[in-house]
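All remarks here apply to the structure that follows.
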Amino acid sequence: MATPHMGSLYKELQRVFEARPTDLAKTGKLLTQLKIGLVEAGLYPPQGKSNLQDLVVTRDILEIGALWSTRVKDIPSFDRYFSQLQVFYTDYSSDLPPSKREYPIRGLNLIRLLTQNRIADFHTTLESLPLSADQIAESPYISHPVNLERWLMEGSYSKVWNAREEAPTEEYKIFVDSLVGTIRNEIASCEEAAYNSLPLKDAATLLFFKNQTELLSFARERGWQIDLTGATIHFTKKGEEKIEILKEKLIAQNLAYARELEQII
């Protein structure tokens, strides 16, 4: 590293991050200190004539930062780390030795795009990977989000839910949990449109809740009416009155335009 002090901090970061359980608070502090040191050393962002070994260490620090961000559920921080890593994964790909963390992190980024419903960006990012179709299928880190996207498009939400247990790393489970939250809201919107009410048990099954307490908390957030005596949930029909008002306004506007056109002609 640029200085003996930074080298010592880097070794401490590796030790703390690899420990089980990981001290996430200390990892965050070490990352902050090391990023300041990297900036001062001209390694963050990297300069064209930087020592290759220093670049490898810098990449490793940023990769630990991306994984740490996932573990503390700081998605904006993950986005920043992944953006910074793109320079190493593209511009320096032919100069640096491969990183064992690259494709786990690339896969995490793909799932992140799914959780944000950015399907077009998902496909663009997937197509930009330097992998063949066979290599994608063979990589557990890339095939996992690819399968998730396919199941989402099919509406096979139960497969997405079960995929959590098949996640290749613990960080993937965190993102899949976030994806399940997105799915729950989609299913809830469909339930509101399709039903006036549902038994609590059926609603819990459809929404992948393991117990009634979780379901009731979710129902209150959605503004649903809960009938514990009858063990049912009544859905609040949102927006119907507003839609009707909008229709009336559009009709009135169209009639006004028609009258104006008649006057012009």
Any donor and acceptor pair, going by atom type alone, linking the side chain of [X] with main-chain N or O of [Y] inside 3.5 Å?
| X | Y | answer |
| --- | --- | --- |
| Asp202 | Leu198 | no |
| Thr124 | Ala120 | yes |
| Thr125 | Asp121 | yes |
| Ser132 | Gln135 | yes |
| Thr22 | Leu24 | no |

Kindly indicate, with the supporting measurements, whether the criterion side-chain contact (heavy atoms from CB on, under 4.5 Å) is fulfilled by Tyr195 and Phe235. CA-CA 7 Å; Tyr195 303 103; Phe235 301 112; 3.8 Å; yes
Heavy-atom pair with the smallest gap, counting every atom of [X] and [Y]:
| X | Y | answer |
| --- | --- | --- |
| His234 | Thr232 | NE2-OG1, 3.4 Å |
| Pro168 | Pro140 | CG-O, 3.7 Å |
| Arg112 | Asp79 | CD-OD1, 2.7 Å |
| Ser99 | Arg59 | CB-CZ, 3.5 Å |

Going by atom types only, do [X] and [Y] share a side-chain donor-acceptor pair under 3.5 Å?
| X | Y | answer |
| --- | --- | --- |
| Arg80 | Gln84 | no |
| Glu63 | Tyr89 | yes |
| Arg106 | Asn109 | no |
| Ser143 | Glu138 | no |

Regarding Lys26 and Asp23, does a basic nitrogen lie under 4.0 Å from an acidic carboxylate oxygen?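 Between Asp23 and Lys26 there is no salt bridge, as every charged N stays at least 4.0 Å from the carboxylate O atoms.
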When you check the gap from the basic side-chain N to the acidic O, do Arg71 and Glu170 get nearer than 4.0 Å?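 Looking at Glu170 together with Arg71, the answer is no, because their closest N to O distance does not fall below 4.0 Å.
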Are Phe175 and Phe78 near enough that their ring centres are under 6.0 Å apart?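 Yes, close enough.
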Among Val56, Leu43, Leu13, which one satisfies side-chain contact (heavy atoms from CB on, under 4.5 Å) with Ile61? Leu13
If you count heavy atoms of other groups shown closer than 6.0 angstrom to NE2 of His123, is the number above 12? yes
Where does the angle between the aromatic ring planes of [X] and [Y] fall among parallel (under 30°), tilted (30 to 60°) and perpendicular (over 60°)?
| X | Y | answer |
| --- | --- | --- |
| Phe218 | Phe209 | tilted |
| Tyr141 | Tyr172 | tilted |
| Tyr81 | Trp68 | perpendicular |

Mind running side-chain contact (heavy atoms from CB on, under 4.5 Å) on Glu149 and Ile119 for me, showing each step along the way? CA-CA 8 Å; Glu149 190 272 341; Ile119 305 302; 3.9 Å; yes
Side-chain heavy atoms under 4.5 angstrom apart, residues restricted to Ile, Leu, Val, Met, Phe, Trp, Tyr: same cluster for Val180 and Ile174?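 As far as the 4.5 Å side-chain criterion goes, Ile174 and Val180 are not connected within one cluster.
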